[in-house]
Amino acid sequence: MIPQEFQYRRATSIDEAISLLKESGDEGKFLAGGHSLVPLMKLRLSEPGVLIDISRIPQLSGITEKDGTIQIGAGVTHAEVASSDLVRRLCPVVSECAAEIGDPQVRNRGTLGGSLAHADPAADYPAVMVALNAEVHIKGPGGWRAVKSGDFFQDLFTVDLAEDEIIAAVQFRPARNAAYAKLHQRASHYALVGVAAVLEMEGRTCRSASIGITGATGHAQHLANVESALSGKELTPETIAAAARIAADDLEEVNVDLHASEEYRRDMVRVFTKRAVEQAASR
Amino acid sequence: MANETPVSIKVNGKEEQRDVEPRLLLAHFLREDLGLTGTHIGCDTTQCGACTVLIDGKSVKACTVFAVQADGSEVTTIEGVGAEGELHPVQEGFWEEHGLQCGYCTPGMIMSGIHLLNENKNPSEQEIREGISGNFCRCTGYQHIVNAIQYAAKKG
């Protein structure tokens with residue numbers, strides 16, 4: 001399958017990427033690892049006239065620790081996050097999530113920024129970023145802004161990112177009591193359902209809980225009812241089971257495809273919420 | 001053609017310079033421009049891994065990378081692995097352990113096996129299965145492929 005013709009440009013800085021995008025009118029698209037975009041272009045579901053390669057911009061690379069937070073450049077690959085000593089030590093849930101994306105070849109090319117910008121409803125990172133309340137750092141012609149992940153994902157393949165903006169990095173406070181539990185679609189390794197749980201624990205008591213879900217609905221989002229059901233509770237098998245039981249109750253439109261019916265997905269939301277919370281609490 | 005971009009890619013140790021259309025996929029560049037047909041195209045949708053090659057030592061699916069993205073990189077294909085009469089340990093493993101039947105997936109499997117062993121010298125069976133999870137084989141049931149990679153790991 002051969003994509004529609006396009007012009008190829010390569011940016012060496014964030015500002016150059018933004019100005020190349022502007023020059024291309026409404027024809028331009030950023031290309032990083034290309035593992036969301038290239039398959040769409042081959043199917044001609046996406047036909048950008050200009051591709052601006054941002055994969056060699058130094059400012060988009062690197063994982064750093066800063067004022068008690070971790071910052072990951074948008075151009076960092078899933079394989080780099082999965083194997084990062086820093087992330088594995090301070091916030092293992094993020095490395096574990098990265099290691100569950102796709103397969104080794106996909107992880108060698110796909111990037112964090114690409115996954116977030118594309119916002120596939122079954123992508124893994126969005127659930128974890130929502131649960132961590134990660135900030136997405138965005139630059140546009142007017143300067144910098146930051147958006148909380150919970151607000152960033154708005155709808156199916158739709159995020160709070162203007163046509164002339166670029167994701168530069170993601171920043172979050174590392175969490176120890178955190179886990180991501182996922183039901184793989186066996187061929188694509190997308191999440192039929194994926195649940196990320198981030199708990200603030202004091203002994204056995206959960207002071208606050210943040211739960212992010214992917215795969216079940218049009219976009220990654222918080223499970224607010226589970227968060228309130230867990231917050232302030234001593235976490236026992238009973239309280240966790242009670243919180244997981246209501247996990248699918250507030251989901252309005254649940255995805256249906258040939259891999260899973262609505263009923264099955266709702267059931268898996270409950271099962272994987274329970275697993276994620278149990279794992280997060282036991283760390 | 002007007003819309004062509006020069007690329008310089010080191011393929012199996014040899015510097016290759018061409019003017020290519022930006023939309024030319026690396027898999028087609030290797031097979032059609034360079035005649036390296038050992039890189040197979042299977043599903044053409046980033047799933048089956050038949051087109052797996054290494055870019056700067058990392059396994060990638062060449063059907064999902066444009067040749068222009070590999071500009072300035074080193075690419076290794078199955079043709080760059082081992083030599084006549086001197087098989088790479090992973091190739092030898094596939095030979096000794098009968099790691100193939102029809103052979104269509106084999107070049108990609110071998111490249112994934114090489115990438116895996118570069119990252120992890122002594123993988124467990126589970127790690128090998130995860131390491132080739134981006135490669136489909138429709139003949140073998142995978143067991144002999146796993147054995148082949150174990151053979152190569154033992155050989156070091």
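All values below come from the heavy atoms of this structure, side chains included, with hydrogens, waters and symmetry mates left out. Labels below follow one simple rule: chain letters A, B, ... track the order of the sequence lines, proteins then strands, and each chain is numbered from 1.
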Taking atom types as modelled, find out whether A:H184 and A:E100 have a side-chain donor-acceptor pair closer than 3.5 angstrom. yes
Between A:S188 and B:Q47, is there a side-chain donor-acceptor contact under 3.5 Å, judged purely by atom types and distance? no
If you check every heavy atom in residues 106-136 of chain B against those of chain A, which residues fall under 4.5 Å? B:S112, B:H115, B:E130, B:G131, B:S133, B:G134, B:N135, B:F136
The criterion is ring-ring contact (aromatic ring centres under 6.0 Å, His included); which residues satisfy it with B:Y142, sequence neighbours excluded? none
Would A:V136 and A:M129 satisfy side chain to side chain contact (heavy atoms under 4.5 Å, CB included), going step by step from the backbone distance to the final call? CA-CA 9 Å; A:V136 183; A:M129 293 302 149; over 6 Å; no
Who are the ring-ring contact (aromatic ring centres under 6.0 Å, His included) partners of A:H78, not counting sequence neighbours? A:Y125
How about A:Y264: does its OH atom have over 12 heavy atoms from other parts shown lying under 6.0 Å from it? no
If one checks every heavy atom of B:I55 against chain A at 4.5 Å, the contacting part turns out to be side chain
Which of residues 62-89 of chain B have a heavy atom under 4.5 Å from any heavy atom of chain A? B:C63, B:T64, B:V65, B:F66, B:V68, B:Q69, B:A70, B:D71
Could you tell me which of A:D103, A:V106, A:L51 has the largest number of non-hydrogen atom pairs under 4.5 Å with chain B? A:D103
Of all of B:T5, B:L25, B:D44, B:L24, which one pairs up most often with chain A through heavy atoms under 4.5 Å apart? B:D44
Checking the side chain of A:T111 only, and the main-chain atoms of A:V76 only, is there a donor and an acceptor separated by less than 3.5 Å? no
Picking from A:R109, A:R107, A:M41, which has the most non-hydrogen pairs under 4.5 angstrom with chain B? A:R109
Highest number of heavy-atom pairs under 4.5 Å with chain B among A:Q4, A:R10, A:H189 belongs to A:R10
Might you confirm whether atom NZ of A:K29 has over 12 heavy atoms from other residues, nucleotides or ligands at distances under 6.0 Å? no
Taking the side chain from B:K61 and the backbone from B:T46, do they hold a donor-acceptor pair closer than 3.5 Å? yes
For residues A:D15 and A:S13, is any side-chain donor paired with an opposing acceptor at under 3.5 Å? no
Given the rule in the side chain to side chain contact (heavy atoms under 4.5 Å, CB included) test, do B:Y104 and B:H40 qualify, once you have shown the distances and angles that lead to the verdict? CA-CA 7 Å; B:Y104 200 85; B:H40 292 168; 3.7 Å; yes
Measure the CD-CD distance between A:Q59 and A:E16 for me, rounded to the nearest 0.5 Å. 10.5 Å
Can you establish whether the number of heavy atoms outside A:K139 located under 6.0 Å from its atom NZ is more than 12? yes
Is A:L43 close to chain B through its backbone or its side chain, or both, or neither, when contacts mean heavy atoms under 4.5 Å? neither
Under 4.5 Å heavy-atom distance to chain B, tell me which part of A:A99 shows up: side chain, backbone, both or neither. neither
